[in-house]
Structures are given as structure tokens and as C-alpha cells.
Amino acid sequence: MAGIIQPKVLKGFRDFLPQMEIPRRKLIRALEDHFTSYGYVPIDTPVLEYAEVLLSKGGGETDKQTYRFNDHGGRDVALRFDLTVPFARYVAAHRNELSIPFKRYHIGKVWRGENTQRGRYREFMQCDFDVIGTDSAAADLEIMLMMAAGLRAIGAGETRIRFSHRGLFNQLLEKLGLEGKTAEVLRIVDKIGKIGAGEVRILLGELVGKEETETLLDFITPAEDNRETLKKMAALAWSEEKDGSAEVRIKTILDAVEKMQLHHNLVLDPSITRGLDYYTGIVFETFLDDMPSLGSVCSGGRYGNLTGLFMKEPVSGVGASIGLDRLMAGLEELGRIDNAASGTDILILMLDEALLARYQILAHGLRQDGLAAEVYPENRKLGAQFKYAEAKGIPLALIVGSEENEAGTVNLKDLGSRESFNGLSFEDARGKALEILGK
RNA sequence: GUGGAUGUAGUUCAGUUGGUAGAGCACCAGAUUGUGGUUCUGGUUGUCGCGGGUUCAAACCCCGUCAUCCACCCCA
């Protein structure tokens, strides 16, 4: 009379049925191919690390959200809550084994013990890609171009990347004498898309003086086009156009964007600041044209010193992170997810158990042509076997009974149109199958 | 973490002022023992999220708990 254990999963953790996992894998594979085509290489790191490594950044909020416990040996350990901190440790640990500039991508699960919402879970998949070891505008540009092209490649459609530069914002804050309140100001400004300029004015007014509030609001409001926006930002921040300045960096990027005719995709938006404080250069967030309300599906920026906590020599880099689960939720809502129940192209029906070997030989032959073939495992009524094929979304069936076996022929059936092609040689049948599948 | 809403068969939902649960779809079997999407007949589906309490009696009322959704926070 043992009690039955409920097959439940933890809050914010999920099982994936095949019709969800198959498109998820497809999406990941498409991204991997995309990164590879730009020369980025994959890495991985442990999901469990020493707590002191993961929590070293000391952000109060991340500390609270990190899953942390003592392992069987009494070690203070934690599950990774992003892929950036492990990457910093990884770079410091393997500094001499990496060729610089190092371009990597990393796709993996991360964990955060925060409250759940739609498209927001405690276990979720992140996809990071970064270039480290160079502070060039070329790298900044490449990362943003990869984001736009990558999202297009996975069927997310056109995107708008809104970017800005922390350097100019910091100059402005310095000029206004607000360096001490940088974090608070950034957090308020970051909300403008959500709460509007009016609310931001009120919140800023509570934090800084009236004049400063108006200057900040003026700064973060984009002008008609990228050039005008930059002009205004530079003027308000008292920027001097010299080598290595934030202003020149933005100019360089805008020049390239214009030459590539991408000013729809890349928009200079000074209200983009990103809450995280390790960004020092460009910062950006990406929205789907077809669903801006989903929020940013890919964001990041340039950091001046990724590895500061783990080694003395500073390493600069620029990178972005895609929220795969949020993106999946958006794509599903847009009807862009193909909920395939299997990847099988052709089902070989079982009409006679004595023909087991024949069925497996047929399946093997089909696989050599690149077709995914499976043999139905029981000699059940044909109706049941067809139903199985339908449930798994299998488009073709190969039917061989004792008569066909003796005659040396096979019957192929297109399960979609219900058209049968009987008495074919195996050669003709697989030719026909490839034709129907369009392969 | 804070506040609010919700939780009934695989699924979508119904269930009247508390009287020990119902429909469509899905599923299974048969009409149709080598060709399945229609039709017909029959059938199964439930610890009413879980655990307590009030009551002669709880899906319904009360408390707790777990989960989902929404807002805040933060972010992906």
C-alpha cells in the first residue's frame, strides 16, 4: 500500500513534450549554425560552481535569486544564474589557452529563484555570444548585426535594435554632479518604455533637482533620426569629439549602419541604459517588429573589465544574450512555431512478424537516402498503425505484406493525400518518397 | 519577495441558496480480420490541486499549502 508519488515538478520548472522540444531544438540548431558561420566557437561550463565565484559580483538582487546550498562535502555551492559570470571565470582560468580575440557562444540552462510569469521561469535557457579581447567598433557592430541576422534566421522576422552608449550618459551625469546616484538614475530611465516620460519625470524629480530632471529627460528623448539624436546627446553631455570617445564610437557605428542601409534595424535611443552596472560602452536591447510588447528578446553591451574579479589584467569585450524561452513564447504566440510531433519521414507498417528482417532492411535503405524511417513495432490492425503515423505527423507509409514480399514489390502511401502507389520496386518507391517529401 | 485572480476527466468547460459530479472534443472497442480522416453502436475517463476544519452532509463555506496567471520588483 505504498503511497503514490505525485508526478509534479517545481514551480517555474517545466517538462517539455516532443511538440515543444522539437521546435526548441530546431531553434537552437539554427542559432548554432548562425554563430558558426560568423566564426564563433561553442564552450560550456559547469552548472554548479562555488558560490563565491558566482556571487562575487555582489549584486544584492542576484544574490537573493541564486539557488545556493551545501554539497555533500560541505562546500558552499550555487547554480549559475547567468552565463556571463561563469564566462568571466572561464576566461581567467584559460587565459593562455584562448586565442585573442576570442569569439564564443554558449547555450545553456540557468536558474533564478524569482517569481514566475508568462515567458519567465526559474529554469530557463540562455544563449550568449561575445567577442572578448578587443575594444573595436568593429566588434560592437558585428555583435549587433549578428543579433538582427540571427533573429531573422530563426523566423522571428524583422527586429529593431535600440542602442546607446554608457560613456555619454556617464559624462552627462558627471556634468550634472550626479555620479553618486548613477544606479538609481539608470534604473528610472530604463523604465521609460514602460511607464512613459511623465512618470519618469516625477520619479527623477524626487531624486534630483528640477533642472537636472529636465536635462536628463531631454537627453534620453530621441530626435527624428540617428544623427540628430547623437548631436543632441553630445551637446548635452559636453562631449568632445576626440579619438576613443563615446561620440566617435557611435559615429563610426552610424556610418556603417547607413552604408549598410540598416537604419531601420539599428536605432540610436539614449533611453537604453541597461540596469546592470558592468557595462561601460555601447548597450542595446532588441525588440521584435511583430511583437514589441514582448520586451527585449536579446540584449547586451560592452563591458570594460569582464574578468576583474578573477585576474588583474583587464579584458574588454562586447556580447549579447538571447532569452530563448521568452523568444519561444513570442514565436509561439505569433504562430511561427511548427509543432512537429516527430521528425519521422516514413513509417514502415508491420503486416507480418515473419518479415521483421525485411522491414529493418527497408528502413536501413531509406535512412541511407537521408530519410528518417521507423518500423511499427506490433502487428496491429492497419487503422491503428495509420493512426500512430497521424499522431506523429509522419507523411508517408511503406506497406509490405507477404504478397508484396513474394513479388518483391512495396506499396507506398502518401498519408496526407491518401494516395497509394502499389507494386513499386524499392528503387521506385524511395524515388517517389523523396519526390513527395521534396528532398 | 509583496499584492490580486484562478485551480473540476487527456483537453476546453458546466455544476443553480452546501445533498457523495456532467457535456463537447479526444481516447478505447465493435459494425469494417490488407489500407485509417465520414456515419452508427457501446465503453472508459475524476484522490473535484493537496491537507485540515465547520456540518447529518462540502466541488461549493473557513484555514493552511502547492501550482498557474496578472501587477510590482527585477530581468531573459
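Below, chain A is the first sequence line, B the second, and so on; all start at residue 1.
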Below 3.5 Å, can you tabulate the donor-acceptor pairs from side chains in residues 395-405 of chain A to any protein atom, sequence neighbours excluded?
residue: A:Glu404; atom: OE1; partner: A:Gly401; partner atom: N; Å: 3.0
residue: A:Glu404; atom: OE2; partner: A:Asn411; partner atom: ND2; Å: 3.0
residue: A:Asn405; atom: OD1; partner: A:Arg358; partner atom: NE; Å: 3.0

Closest listed nucleotide, where the reference is the side chain of [X] and the choices are [options]:
X: A:Leu351; options: B:G34, B:G37, B:U35; value: B:G34
X: A:Leu382; options: B:G36, B:A76, B:G34; value: B:G34
X: A:Ser402; options: B:G36, B:G34, B:C73; value: B:G34
X: A:Lys381; options: B:G37, B:C73, B:G30; value: B:G30
X: A:Lys387; options: B:C28, B:G34, B:C69; value: B:C28
X: A:Gln126; options: B:U35, B:A76, B:C74; value: B:A76
X: A:Asn115; options: B:A76, B:G34, B:A71; value: B:A71

| request: For A:Leu327, answer base if it contacts any base atom (sugar-phosphate contacts may also be present), sugar-phosphate if it contacts only those atoms, and nothing otherwise; contact means non-hydrogen atoms under 4.0 Å. | output: nothing

Report all interatomic pairs (protein N or O, nucleotide N or O of nucleotides 43-50 of chain B) with separations under 3.5 Å.
residue: B:U47; atom: O4; partner: A:Gln6; partner atom: OE1; Å: 2.8
residue: B:U47; atom: O4; partner: A:Gln6; partner atom: NE2; Å: 2.3

| In terms of the nearest nucleotide of RNA chain B, which residue is placed more toward the 5' end: A:Leu324 or A:Arg122? | A:Arg122

| remark: Between A:Gly12 and A:Lys191, whichever has its closest RNA chain B nucleotide further toward 5' is A:Gly12

| Which value, rounded to the nearest 0.5 Å, describes the distance between A:Arg80 atom CZ and A:Thr45 atom OG1? | 4.5 Å

Report yes or no: is there a donor-acceptor pair, N or O only, under 3.5 Å between the side chain of [X] and the base of [N]?
X: A:Lys413; N: B:G34; answer: no
X: A:Arg120; N: B:C74; answer: yes
X: A:Glu404; N: B:G34; answer: yes

| request: Go through the side-chain N and O atoms of A:Tyr388 and A:Glu374 and say whether any donor and acceptor fall under 3.5 Å apart. | output: yes

| message | Could you check whether A:Arg29 pairs with A:Glu32 (Lys NZ or Arg NE/NH1/NH2 to Asp/Glu carboxylate O, under 4.0 Å)? | response | no

| Over 12 non-hydrogen atoms of neighbours within 6.0 angstrom of NZ in A:Lys387 | no

| remark: When pairs are called at under 3.5 Å and a stem needs at least three consecutive Watson-Crick or G-U pairs, the stems of RNA chain B are B:1-7 with B:66-72, B:10-13 with B:22-25, B:27-31 with B:39-43, B:49-53 with B:61-65

| request: Please find out if less than 6.0 Å separates the ring center of A:Phe219 from that of A:Phe169. | output: yes

Could you measure between the two [atom1] atoms, the one in [N] and the one in [M], and give it in whole Å?
N: B:C70; M: B:G51; atom1: P; result: 28 Å
N: B:G37; M: B:U45; atom1: C1'; result: 24 Å
N: B:G10; M: B:C28; atom1: C1'; result: 13 Å

